[in-house]
Structures are given as C-alpha cells and as structure tokens.
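Worksheet: one structure, shown below.
Just so you know, residue 1 is the first one in the sequence shown, and it goes up from there. Everything numeric here is computed off the predicted structure, so don't read it as measured data.
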Amino acid sequence: MSENTKRFSADKIYEFLVSALKAAKVRDDVIKHAAEGLLSASIRGVDSHGIRLLAHYIAAVEGGRINRNPQYKFEKTSAATGTFDADHTFGHAAGIEAVRKAMDMAKGAGTGAVSVFNSTHCGTSAFFALEAAKNDFIGLAFTHANALLNTPGSTRTFFGLNPIAMAVPCEGEEPFCYDSAPSIITWNKLLQLRQENIQVPPFSGADAEGNETTNPHEITQLLPIGGYKGFGLAMIVDILCGLLTGMPVGRDIADMYKTPLTQKRYLGQFYMVIDIDAFQPREIFKKRMKKLMDDVRNEPKKDMNIPIMVPGDPEKKTAADRMKNGIPIKKHDLKTINSIAERLKIKWIE
C-alpha cells in the first residue's frame, strides 16, 4: 500500500459518516441510508462515489440543496406502480425507501416499479439494485445526471452519464451485480484522476471541441462506450428518469458541481423490482443463476494469470479485502475529512 494511503475499518468510517451527518442536523433515518450508501461504495471499491463525496454532500446540506428533514409523499398509482416525492433529500435515502415500496408491491403483483422525483445525487445505482437482490428479488435501478456525455458527431454533450444497474440473487454467494454508466469512467472518477494527475484510459474523454484526449485536465466531456450504442443507453435512462418522473432532461439538468449549492437539482430515479417466484421457482432460479455465473468463469482463459469474471466479481474481491484489511483513503482525501471533522467539531477515526 502506498505511503500516501491509510486504511480504516468499515465500522469506524460508518461511525464517522453518521457523526458528520448528525452534526449537519440531518434526520436520523436519512442519515442511516446516506451513510450506508457512501460506505457501500467505499467497501466495493467505487471510491469516486464513497466517503470522498462527504464534503460535497455536507456543503449541499448547508447550502440548502439537500433537505435535512424531508416530507416524503408516496402515491400508489396501480397494483404494481407508484410515484415517490423525495422532497430534495439525499438520493440514497429516497432510493432505499422507494425500493422498499417496490418490493412490497412485487410481493402481491409480481413486479413493482417506483419513479422518484424531486431527488438529488444518489451515489451508486448498485446500492439500490442490491437492496432488492439481498431480499431475493431481481432489482433494477436507473438515475440520470447533468450533460457530460459527448453526443456522437457533435462537439458538445447532451445526456448525462446515466447508469444502469441490475442485481440478481444466486445460490451460495453475493448477488450478481451489473452497474455501469455508458462511458468508460465516471465524472467523479475523472475528478479523482485529475486530482491525482493520472492519465485517463484511451477513448474515455474529449476536449471542448469533441477531440479525444487522455489528459484529465483537458477533458470537458466523456465519450460514450460504443459510440451511438452507449449514447442510446443514456437516452433510454433519461426517458425513464426524466420524462417518466416529470423532471428535467438532457442539458436542462442542473450541474452537480457548477450549479450553486443553494439551488435544487430536481433529479429523477426509476426503480423496478421483480418477484422471481412470479416467473420461476426461486430456489431453482438461484441454482441456475449460480451455474450460469460459474460457467462463464470457467470459460477457456487466454492468460492463465487473468481470471474470467462476471459483473460484480471485481467488487466482491475488493469488498472481501477491505472488510478484512480496512478501506484505503488517500492522503488528500484524509486532509479533507480531517477538515470536516474539525469544522463540525466531531472526532475523526485516527
């Protein structure tokens, strides 16, 4: 491990997240979901969406963008659908509440779908899909974001890095989990690479004229995976999370960082839950899911030193290491965390 990185236990980091949000006067149930969402990202190795975002969220709470004390409004619109007004609180909290509503409906109707509106940034979409899968449902989660994805053939962006997540329970191990934006890296990952002065992977980003570059300081937009194919996926997500929720779409979505923190973002999310028993016997399905995953992993290797993985395997490996050895936090992030602790007059974990 680099001397610029220290490791801390998941329990200690969770305690700090809770203390910081409590000091910011966030309501207890909202704190629980937000802290768990941030911790989940850090444990699974998605550091761009983990504890390093705490400073931004605290500032958004203090600025008024994120509501400390939301008054949720859920309306069941059919046996299997509903709408959820997040009242501008943490997207992590609104999302978990919405997924639980979807699971309740799926128990009777076979499926449940909930659109969330008046929301904020929700972190990793895997957090919500996994909530369903851990309860033996198939979970799907979608969220849109401000325009950061280059439009093929254009010099500028239109859609955001709109991720798609799906989690599926299986026998004998943690759920299968696919969670990906339609780009090679996320914007928060770019900011992390920019901060560390590390080149981005080829074909990840473009400059202000739409020309591909690996210099993180020149990148103003990210490139869609597969050109029009990745761009099309982003558009599908915006239809679900913008048009179907009544929220802004495309270039009308407020920027996460450039918009003043006094302004709301009016984001939408869309969650769907599937009761496996409505289609196949659950235990048989889970056995077959496990076999499907293992069959893929056992495909002939091109390089015997490189394992063949299914979506979610790298995160499972990282999570096992971090739960045993602690979550690594880089020196510059520790400096920010320490400043939060000092300003809010709470104890940091060192």
(request) Looking only at non-hydrogen atoms, find the nearest pair between Gly50 and Leu38 and report the distance. (result) O-CD2, 3.2 Å

(request) Can you establish whether the number of heavy atoms outside Lys73 located under 6.0 Å from its atom NZ is more than 12? (result) no

(request) Using a strict 4.0 Å threshold on nitrogen-to-oxygen distance, state whether Asp294 and Lys290 make a salt bridge. (result) yes

(message) Once rounded to the nearest 0.5 Å, what's the spacing between atom OG of Ser125 and atom CZ of Phe142?
(response) 9.0 Å

(request) Identify whether Ile329 and Ile58 are in the same connected component of the hydrophobic contact network (ILVMFWY, side-chain heavy atoms under 4.5 Å). (result) yes

(message) Under 4.0 Å between a side-chain nitrogen and a carboxylate oxygen: does that hold for Arg297 and Glu173?
(response) yes

(request) Answer yes if the side chains of Arg265 and Thr259 hold a donor-acceptor pair under 3.5 Å, and no otherwise. (result) no

(request) Determine the sole option in His121, His144, His88 for which the ring pair (Phe, Tyr, Trp, His ring centres under 6.0 Å) test with Tyr266 is passed. (result) His88

(message) Distance check, rounded to the nearest 0.5 Å: Tyr271 atom OH versus Ile96 atom CD1?
(response) 8.0 Å

(request) Report yes if the side chains of Gln221 and Thr151 come closer than 4.5 Å at any heavy-atom pair, otherwise no. (result) no

(request) Test Lys286 against Asp136 for salt bridge (Lys or Arg N to Asp or Glu O under 4.0 Å), laying out the working first. (result) CA-CA 9 Å; Lys286 290 170 66 175; Asp136 269 354; 3.1 Å; yes

(message) Would you say that more than 12 heavy atoms from the other residues, nucleotides or ligands in this model lie under 6.0 Å from the CZ of Phe74, or not?
(response) yes

(request) Answer yes or no for Arg68 and Tyr57: cation-pi contact, defined as NZ/CZ to six-membered ring centre under 6.0 Å and angle to ring axis within 45°. (result) no

(message) Please determine whether the number of non-hydrogen atoms from other residues, nucleotides or ligands lying under 6.0 Å from atom NZ of Lys264 exceeds 12.
(response) yes

(message) Assigning hydrophobic clusters by single linkage (Ile, Leu, Val, Met, Phe, Trp, Tyr; side-chain heavy-atom cutoff under 4.5 Å), is Ile138 placed with Val296?
(response) yes

(message) Distance check, rounded to the nearest 0.5 Å: Ile346 atom CD1 versus Lys22 atom NZ?
(response) 11.5 Å

(message) Name the residue from Arg322, Lys189, Arg52 that meets the salt bridge (Lys or Arg N to Asp or Glu O under 4.0 Å) definition with Asp47.
(response) Arg322

(request) Could you tell me whether Asp321 and Lys317 have a side-chain N and a carboxylate O separated by less than 4.0 Å? (result) no

(message) Using a strict threshold of under 4.0 Å (side-chain N to carboxylate O), is an ion pair present between Lys287 and Glu171?
(response) yes

(request) For this output row, return yes or no: ring centroids of Phe159 and Phe231 closer than 6.0 angstrom. (result) yes

(request) Measure the CG-CG distance between Asn69 and Asp29 for me, rounded to the nearest 0.5 Å. (result) 8.5 Å

(request) Examine the side chains of His92 and Glu36 and answer whether a donor and an acceptor come within less than 3.5 Å of each other. (result) no

(request) Please report the closest heavy-atom contact between Pro182 and Pro163, naming both atoms and the distance. (result) CD-N, 4.5 Å

(message) Is there a path of hydrophobic side-chain contacts, each under 4.5 Å between heavy atoms of I/L/V/M/F/W/Y residues, joining Val26 to Ile337?
(response) yes

(message) For the CG atom of Asp333 and the NZ atom of Lys335, what is their distance to the nearest 0.5 Å?
(response) 12.0 Å

(message) If you count heavy atoms of other groups shown closer than 6.0 angstrom to CD of Glu62, is the number above 12?
(response) yes

(message) Tell me whether the count of non-hydrogen atoms from other residues, nucleotides or ligands lying under 6.0 Å of CE in Met235 goes above 12.
(response) no

(message) Can you see whether His217 engages Asn197 through a side-chain donor-acceptor pair at a distance of less than 3.5 angstrom?
(response) yes

(request) Would you tell me whether Asp87 and Gln71 have side-chain atoms, one donor and one acceptor, within less than 3.5 Å of each other? (result) no

(request) For Glu209 and Thr155, test the side chains for any donor-to-acceptor distance below 3.5 angstrom and give the result as yes or no. (result) no

(message) Hydrophobic cluster membership, with links at side-chain heavy-atom distances under 4.5 Å among I/L/V/M/F/W/Y: are Phe279 and Ile284 in one?
(response) no

(request) Kindly say whether Asp255 contributes a backbone atom to a donor-acceptor pair with the side chain of Asn146 at under 3.5 angstrom? (result) no

(message) Are Ile274 and Ile164 connected into the same hydrophobic cluster when the rule is that any two of I, L, V, M, F, W, Y join if their side-chain heavy atoms are below 4.5 Å apart?
(response) yes

(message) Please check if the number of heavy atoms outside Arg156 that lie under 6.0 Å from its CZ is greater than 12.
(response) no

(message) Salt bridge or not between Glu131 and Arg100? Use side-chain N to carboxylate O under 4.0 Å.
(response) yes

(message) Once rounded to the nearest 0.5 Å, what's the spacing between atom NE2 of His49 and atom CG of Leu53?
(response) 6.5 Å

(request) Compare every heavy atom of Arg282 with every heavy atom of Ile276, then report the nearest pair and how far apart it is. (result) CG2-CA, 3.8 Å

(request) For residues Asn211 and Glu218, determine if any side-chain heavy atom of one lies less than 4.5 Å from a side-chain heavy atom of the other. (result) no

